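Reading through the structure tokens given below for one structure.
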Amino acid sequence: MRLNLSSLIRITPVHGDNPWLEGEIEWTPGLLRSALAWLSDKTGKSILKLTDKDYQENSLGQLLKIYGSAYDVNIRVFNDLQHTITGWPGGKPNADDTDRPERALPFPKRVLVFSPHPDDDVISMGGTIQRLIRHGHDVHVAYETSGNIAVNDEEVVRYMHFINGFKEILKEERDSFTTEKYKAFRQFLREKKEGDQDTRDILSVKGLIRRVEARSACAYSGIPKSNIHFLDLPFYESGRIEKLPMTEKDVNIVKALLEEVKPHQIYVAGDLADPHGTHRKCTDAVLAAIDELKNEGAEWLQDCRIWMYRGAWAEWDIENIQMAVPLSPEELRRKRNAILRHSSQMEFAPFLGNDSRLFWQRAEDRNRATADLYHRLGFADYEAMEAFVEYKPI
């Protein structure tokens with residue numbers, strides 16, 4: 001299983017983050033973007049306001065020798081970044097797509113969003129998902145893992161109370177099987193000590209809780225039930241934080257779904273900083289499946305683009321962004337509402353990490369920061385932005 005992720009992960013230059021400060025370098029489009037974003041921040045000017053003097057006084061005079069003047073460099077990078085901004089993530093029909101991130105045709109597209117956990121889709125690209133649906137695309141979401149270990153015991157107890165109350169309201173008799181299961185659950189949870197592994201039954205209930213929340217978020221976003229896919233990849237089902245190795249079984253499950261949907265667009269997690277490695281393994285499984293299908297000559301792959309998003313942990317660096325989807329205040333609010341449908345992952349989620357912000361807060365802060373960066377560089381003042389990088393199989 002062959003992967004090519006290195007080009008998407010920021011590699012720190014030999015001379016640090018600003019190699020142009022160390023002398024002459026070989027300029028790439030990404031470095032050019034990075035340098036002008038740095039210079040813009042250092043001078044407090046937008047890109048189109050940078051002058052020859054700004055370049056000369058900040059160790060970027062070599063760019064004037066290459067391109068002739070500040071104006072020429074400014075226009076080149078400004079146009080490059082401007083072409084990443086689109087309100088049509090699925091492509092705009094009947095429009096010239098020469099300088100757009102996505103092609104106009106086919107339209108509408110079949111879109112498949114892979115979500116490592118049952119909430120990464122809305123946290124990472126909830127606004128883009130709703131935009132794609134509003135534009136008429138056939139959007140599918142595949143939840144790669146059950147997410148069962150990220151549910152607190154209190155959530156299980158809460159749902160158990162609901163089931164008991166529900167039966168009482170309907171005046172249904174509790175059968176002996178249900179009663180015994182209820183007692184076994186309560187006894188296990190009362191006696192459970194820190195570090196104890198949940199029983200398979202309790203893990204199944206926790207996985208069901210995540211499914212219910214995911215279905216609710218999809219319904220809110222407008223995704224039909226038939227387009228929701230729960231893959232339950234085997235590598236995740238260790239019952240512990242440490243997962244099993246990703247194997248061909250995982251790849252085959254993903255591969256089967258790809259062959260079923262035959263998408264024109266695939267969205268996959270590029271947030272490889274996930275602290276427990278689930279995102280990386282999920283991404284490995286998807287890209288390995290794509291590699292196998294490509295080697296087998298799958299024709300639909302020739303008309304498919306793969307976009308990588310990031311989520312709660314980090315954002316793409318400006319030199320890597322290839323598509324930036326602006327969100328209005330109302331779209332950002334609707335994205336938050338979709339995230340909030342995952343109630344078990346709010347204040348008491350086990351894996352919030354050292355960051356005290358909730359997932360919806362992290363998502364909004366990140367999206368607003370991306371929009372603010374574009375605005376400081378001289379672009380329109382959007383409320384928020386979701387950013388993507390295109391992945392091209394070898």
Side-chain angles (χ1 to χ4, degrees), residues 79-115 121-122 124-142 217-229 254-255 257-270 286-287 289-290 293-294 297-310 316 321-328 330-332 334-335 338 367 370-371 374 379-380 382-393:
N79 287 340
D80 177 35
L81 286 170
Q82 188 173 49
H83 294 155
T84 67
I85 303 172
T86 182
W88 295 81
K92 187 174 183 178
N94 304 316
D96 181 4
D97 59 11
T98 305
D99 293 320
R100 291 178 177 271
E102 253 297 348
R103 63 214 185 280
L105 299 174
F107 194 96
K109 292 179 174 66
R110 287 186 302 278
V111 178
L112 180 52
V113 178
F114 283 99
S115 179
D121 55 333
V122 287
S124 304
M125 53 174 292
T128 299
I129 287 173
Q130 294 187 35
R131 182 78 63 84
L132 288 165
I133 292 168
R134 192 163 68 251
H135 288 169
H137 299 286
D138 181 24
V139 179
H140 294 247
V141 177
C218 284
Y220 178 81
S221 298
I223 298 173
K225 186 177 179 180
S226 60
N227 286 13
I228 305 172
H229 309 273
V254 173
K255 188 176 173 182
L257 180 61
L258 286 167
E259 291 181 299
E260 176 190 337
V261 177
K262 293 182 172 58
H264 302 106
Q265 266 193 339
I266 296 170
Y267 289 88
V268 66
V286 174
L287 299 185
I290 290 169
L293 287 167
K294 183 183 177 185
E299 292 185 8
W300 61 267
L301 260 178
Q302 298 174 16
D303 196 28
C304 179
R305 289 193 183 176
I306 304 162
W307 293 99
M308 305 191 87
Y309 59 76
R310 282 191 167 175
W316 295 113
I321 295 174
Q322 291 170 285
M323 180 164 69
V325 181
L327 305 181
S328 69
E330 175 62 17
E331 287 172 319
L332 190 63
R334 286 187 58 81
K335 172 176 176 171
N367 294 158
T370 303
Y374 269 83
F379 299 95
Y382 296 107
E383 178 71 12
M385 277 180 159
E386 292 176 338
F388 304 87
V389 169
E390 186 179 2
Y391 172 83
K392 295 182 180 180

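Treat the numbers as computed from the prediction; the structure is a model and nothing was measured.
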- [ ] Apply side chain to side chain contact (heavy atoms under 4.5 Å, CB included) to Val389 and Gln322, showing your working.
- [x] CA-CA 5 Å; Val389 169; Gln322 291 170 285; 3.3 Å; yes
Open item on the list: Between Leu293 and Lys255, does the side chain to side chain contact (heavy atoms under 4.5 Å, CB included) criterion hold? Intermediate values first, please.
Closed with: CA-CA 8 Å; Leu293 287 167; Lys255 188 176 173 182; 3.8 Å; yes
TODO: Report the C-alpha distance between Met385 and Ile321 in whole Å, list the side-chain angles of each, state the deciding distance to 0.1 Å, and finish with yes or no for side chain to side chain contact (heavy atoms under 4.5 Å, CB included).
DONE: CA-CA 11 Å; Met385 277 180 159; Ile321 295 174; over 6 Å; no
Task: Check against side chain to side chain contact (heavy atoms under 4.5 Å, CB included), Ile266 and Ile290 - done: CA-CA 10 Å; Ile266 296 170; Ile290 290 169; 4.0 Å; yes
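Partners of Glu299 by salt bridge (charged side-chain N to carboxylate O under 4.0 Å, His left out), not counting sequence neighbours: none found. With sequence neighbours excluded, the residues satisfying side-chain hydrogen bond (donor to acceptor under 3.5 Å, both in side chains) with Glu383 are Arg368. By the side-chain hydrogen bond (donor to acceptor under 3.5 Å, both in side chains) test, Gln130 pairs with Arg334, sequence neighbours left out. Partners of Thr84 according to the side-chain hydrogen bond (donor to acceptor under 3.5 Å, both in side chains) rule, which considers only residues two or more places apart in sequence or in another chain, are Tyr374. Evaluation of the salt bridge (charged side-chain N to carboxylate O under 4.0 Å, His left out) rule for Lys335 yields Glu386 as partners, not counting sequence neighbours. Residues forming a ring-ring contact (aromatic ring centres under 6.0 Å, His included) with Phe388 (at least two apart in sequence, or on another chain): Tyr267. For Arg131, the salt bridge (charged side-chain N to carboxylate O under 4.0 Å, His left out) criterion is met by Glu331, not counting sequence neighbours. Asp303 is linked by a side chain to side chain contact (heavy atoms under 4.5 Å, CB included) to Arg103, Pro106, His264, counting only residues two or more places apart in sequence or in another chain. Residues passing the side-chain hydrogen bond (donor to acceptor under 3.5 Å, both in side chains) test with Asn227 are Asp138, sequence neighbours excluded.
Listed by first then second residue, pairs satisfying salt bridge (Lys or Arg N to Asp or Glu O under 4.0 Å) with a partner in residues 81-91 number zero, not counting sequence neighbours. Pairs passing the ring-ring contact (aromatic ring centres under 6.0 Å, His included) check and including a residue from residues 92-111, sequence neighbours excluded, read Phe107-His137.
Of all non-hydrogen atoms in Leu258 and Trp300, the two that sit nearest each other are O-CZ2, 3.7 Å. Heavy atoms only, all atoms of each residue included: Ala338 and Ala217 are closest at O-CB, 3.6 Å. Residue Val113 comes nearest to Asp121 through the heavy atom pair CG1-CB, 4.2 Å, listed as atom of the first residue, atom of the second, then distance. Of all the heavy atoms in Ile228 and Cys218, the pair that sits closest is CD1-CB, 3.6 Å.
Side-chain polar atoms of Glu102 and Trp307 form a donor-acceptor pair below 3.5 angstrom.
Of the possible donor and acceptor atoms, one in the side chain of Arg110 sits under 3.5 Å from a partner among the backbone N and O of Val261. Between the side chain of Ser221 and the main chain of Ile223, no donor-acceptor pair closer than 3.5 Å is present.
Met323 has its side chain out of reach of Glu390: every pair of non-hydrogen atoms, C-beta onward, lies at least 4.5 Å apart. Side-chain contact between Val268 and Tyr391: absent, with no pair of heavy atoms (C-beta onward) separated by less than 4.5 Å. Residues Phe114 and Leu257 are in side-chain contact: their nearest non-hydrogen atoms beyond the backbone lie under 4.5 Å apart.
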Acceptor/donor pairs from residues 89-97 side chains to any protein atom, 3.5 angstrom cut, sequence neighbours excluded:
from: Asp96; atom 1: OD1; to: Thr98; atom 2: N; distance (Å): 3.0
from: Asp96; atom 1: OD1; to: Thr98; atom 2: OG1; distance (Å): 2.5
from: Asp97; atom 1: OD2; to: Ala104; atom 2: N; distance (Å): 2.8

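Note that CH2 of Trp316 is 4.0 Å distant from CZ of Arg310, once rounded to the nearest 0.5 Å.
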